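Order of listing sets the numbers, starting from 1, for every ligand and every atom in it. This structure is a prediction, so every number in the text was calculated from the model and none was measured.
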Amino acid sequence: MGATGIHAVDLLVLGAGMAGLSAAAWGVRQSASVVLVERGEVGGSARMSGGTVWTVQDEGELSDHMPDSRLARALYGDFESIFDWFRSVGVVPVMEKDVLRYGRGRLISIQDYLRICEKMVRDDPASELLVGPDTRELILEDGAVRGARLVDVDGNQIEIRAGATVLATGGFQNDPDLRAELIHPNARHMPVRGNHQSRGTGLRLALAAGAQVSRPDAGFYGHLLPSEVSFSEQDDYRSLTLFFSEHAILVNLEGRRFVDETHGDHLNAIALLKQPGARGLLIADARVYEQWIIPPYAANMPSIDRFDYVFKRGARCAVAGDLDEILDMPPEWGYDGAVVRQAVLDFNRQCARGSLDPTRRFDAAPIDRPPYYLVEAVPAITFTFTGPMIDDQARVLDKEGKPIDGLYAAGGDAGGVYYNGYAGGLSSATVFGLRAARSALEGRR
Ligand SMILES: Cc1cc2nc3c(=O)[nH]c(=O)nc-3n(C[C@H](O)[C@H](O)[C@H](O)COP(=O)(O)OP(=O)(O)OC[C@H]3O[C@@H](n4cnc5c(N)ncnc54)[C@H](O)[C@@H]3O)c2cc1C
């Protein structure tokens, strides 16, 4: 163990992704002294994102996604003003767009935003960005959080005393035990679609400070990815994501449909996790291929043959010239080809009758134009929904529901924001990151 370095600052922020960089940059802008700590690569999952900052179109719809009305009001109420914040640091939002049928948002140059926030911290003489250290524990004094003790990559201890600490480490998606405990037993083997550093540091630190944890089984934000492929932080996740599941048929290992696929690929991922083996088969036809696999899923995405792309990555996929060829599906995939073929026939019959079970709200067209495209999908997680419960000022709450003095959480580290629904990751990270910093620095002398 090496030397001990001691810092004393107004604000300590753990994690330099969307929430942490926003909180730290806002602190610097307010002339606060800030230490921002990043264990992996600055930018987190945000640097892999599409940069679409969005939330629901109508406030009334938020109750479908956010059970806590105060948090919902905070997200909706601050949504427009975060674009003023982006502009104030030199990032001009462009292109209004609709998202997921119920959302609206604008595109920002996410790389520029992350770089500018990082530079604001690095250039500020009173502030510092530490890349590499991990946080061992929070400094607790009379029930209040007064900073944290870190260890850098060489084993040196660093003590940072701070008036307030913001947890922004992105969630616990890289911890298989926590996933199994707090999401679903099948989540233990779920691949991660995002940064590979978020391992539950924020949650563990908050628990040690007496925090209340929001409801487990809240689901997660993720998407369907091809099975049998291993993923790294370098992956182009947007090209690998099977967004077209919203228009395909999704059957489980028993060859049975179990969800209205058309509500959204992110909801298909939550539903598939609970199915046997947590994997399923997507079946698309020539219509889906032409309209939803080849064209870009969103305006800022490239147009590539997503099916070919995942095939080249070693995914389990096949093209069937007609429905009978489904009978020749490789046995090691574990599906009964005859049952899957029958599921497609039943689906098409139900489409003709106009009564589907499960129903299809948005695309009830049959899957009947050969060739057929089959790909096995697994749910993959981007960030977690369960975590230390926050209030609308992003203050972490204790088991009695009272704010823990000096402790804040935002982004994937904040619990209670989403429950089996989703209304934007970048927006909620920014709104609650900025609220955390503002609230933390309010009482500063
Ligand atoms: C491919 C992809 C596309 C996406 N597209 C969009 C989109 O268009 N719109 C949208 O709204 N959302 C999108 N998202 C989701 C969005 O990126 C996240 O919601 C957002 O980044 C969450 O912010 P965060 O700060 O909580 O986590 P992150 O941005 O992941 O940042 C967390 C940071 O904490 C660091 N960290 C972890 N542990 C520690 C520790 N112990 N100490 C210090 N640092 C630590 C991590 O390395 C990371 O840098 C996308 C995500 C992905 C992966």
Please check whether Thr201 reaches ligand 1 - meaning an N/O of the residue sits under 3.5 Å from an N/O of the ligand, judged on distance alone.
yes

Side chains of Ile183 and Asp217: closer than 4.5 Å at any heavy-atom pair? no

*Tyr422 to ligand 1, any heavy atom closer than 4.0 Å*: yes

Atoms of ligand 1 under 4.0 Å from any heavy atom of Trp54, numbered from 1 in the order shown, are 11 (O)

Would you say Gly170 has any N or O atom under 3.5 Å from an N or O of ligand 1, going by distance alone? no

Looking only at non-hydrogen atoms, the one of Arg136, Met48, Arg39, Gln173 nearest atom 44 (N) of ligand 1 is Arg39

Does Tyr237 reach ligand 1 with a nitrogen or oxygen that is under 3.5 Å from one of the ligand's nitrogen or oxygen atoms?
-> no

For Ala19, the ligand 1 atoms with a heavy-atom partner under 4.0 Å come out as 25 (O)

Heavy-atom proximity to atom 28 (P) of ligand 1 ranks first, among Ala409, Gly425, Ser239, Ser45, for Ser45

heavy-atom search around atom 53 (C) of ligand 1 in the protein gives Arg193 O, 3.4 Å

Note: heavy atom closest to atom 34 (O) of ligand 1, options Asp236, Leu36, Thr169, Thr384, belongs to Thr169

Is it true that Arg70 and Asp391 have a side-chain N and a carboxylate O under 4.0 angstrom from each other?
no

For atom 11 (O) of ligand 1, the closest protein heavy atom turns out to be Leu426 N, 2.9 Å

Side chain to side chain contact (heavy atoms under 4.5 Å, CB included), that's the test. Do Thr169 and Arg39 meet it? Break it down for me. CA-CA 9 Å; Thr169 68; Arg39 185 173 58 190; over 6 Å; no

Looking only at protein heavy atoms, what sits closest to atom 31 (O) of ligand 1 is Gly17 CA, 3.1 Å

So CE of Met66 and OH of Tyr418: to nearest 0.5 Å the spacing works out to 5.5 Å

Heavy-atom proximity to atom 9 (N) of ligand 1, picking from Leu21, Thr52, Asp134, points to Thr52

To atom 18 (C) of ligand 1, the nearest of Phe172, Phe383, Tyr221 on a heavy-atom basis is Phe383

min-distance protein heavy atom vs atom 22 (C) of ligand 1 -> Ala429 CB, 4.2 Å

* So does Glu96 pair up with Arg104, basic N to acidic O under 4.0 Å? -> no

Atoms of ligand 1 under 4.0 Å from any heavy atom of Gly194, numbered from 1 in the order shown, are 53 (C)

Ligand 1 atoms nearer than 4.0 angstrom to some heavy atom of Gly51 are 8 (O)

If you measure from the Lys or Arg side-chain nitrogens to the Asp or Glu carboxylate oxygens, is any gap between Asp175 and Arg204 under 4.0 Å? yes

Taking N or O atoms only and a 3.5 Å limit, does Gly50 qualify as a polar contact for ligand 1? yes

**Prompt:** Salt bridge or not for Asp405 and Arg146, using N-O below 4.0 Å?
**Reply:** yes

Ranked by distance from atom 47 (O) of ligand 1, the top protein heavy atom is Glu38 OE2, 2.5 Å

Exercise. Hey, is Arg199 one of the residues with a heavy atom under 4.0 angstrom from ligand 1?
Worked result: no

Original post:
In terms of side-chain geometry, is the basic nitrogen of Glu181 or Arg179 positioned less than 4.0 Å from the acidic oxygen of its partner?
Top reply: no

*asked:* Is Asn195 close enough to touch ligand 1? Criterion: a residue heavy atom under 4.0 Å from a ligand atom.
replied: yes

> Does CZ belonging to Phe83 count more than 12 external heavy atoms closer than 6.0 Å?
Replying inline: yes

Inset, instruction - Using distance alone, determine whether Ala46 and ligand 1 share an N or O pair under 3.5 Å. - result: yes

Judged by heavy atoms only, the candidate from Gly105, Gly44, Ser49 nearest atom 48 (C) of ligand 1 is Gly44

- Asp363 with Arg287: basic N within carboxylate O range, under 4.0 Å: yes

Is Arg438 paired with Glu442 through a side-chain N to carboxylate O contact shorter than 4.0 Å? no

*Is the backbone N or O of Pro176 less than 3.5 Å from a side-chain atom of Arg199, with the two atoms forming a donor-acceptor pair by type?*
no

Review point. Just wondering, do Leu407 and Arg395 contact through their side chains at under 4.5 Å, heavy atoms?
Key: no

Ionic contact status for Asp177 with Arg188, cut-off 4.0 Å = yes

Here the atoms of ligand 1 under 4.0 Å from any heavy atom belonging to Gly411 are 26 (O)

Under 4.0 Å from one or more heavy atoms of Ala168, ligand 1 contributes atoms 32 (C), 33 (C), 34 (O)

Review point. So, for His65 and Tyr419, is the gap between ring centers shorter than 6.0 Å?
Key: no

Here the atoms of ligand 1 under 4.0 Å from any heavy atom belonging to Glu41 are 49 (O)

Q | Heteroatom proximity flag, Gly412 to ligand 1, N/O under 3.5 Å | A | yes

Counting from 1 in the order shown, the ligand 1 atoms closer than 4.0 Å to a non-hydrogen atom of Thr382 are 51 (C), 53 (C)

Discussion item. Please determine whether side chain to side chain contact (heavy atoms under 4.5 Å, CB included) holds for the pair Cys317 and Glu376, giving the CA-CA distance in whole Å, both sets of side-chain angles, and the decisive distance to 0.1 Å.
Written reply: CA-CA 6 Å; Cys317 44; Glu376 191 180 52; over 6 Å; no

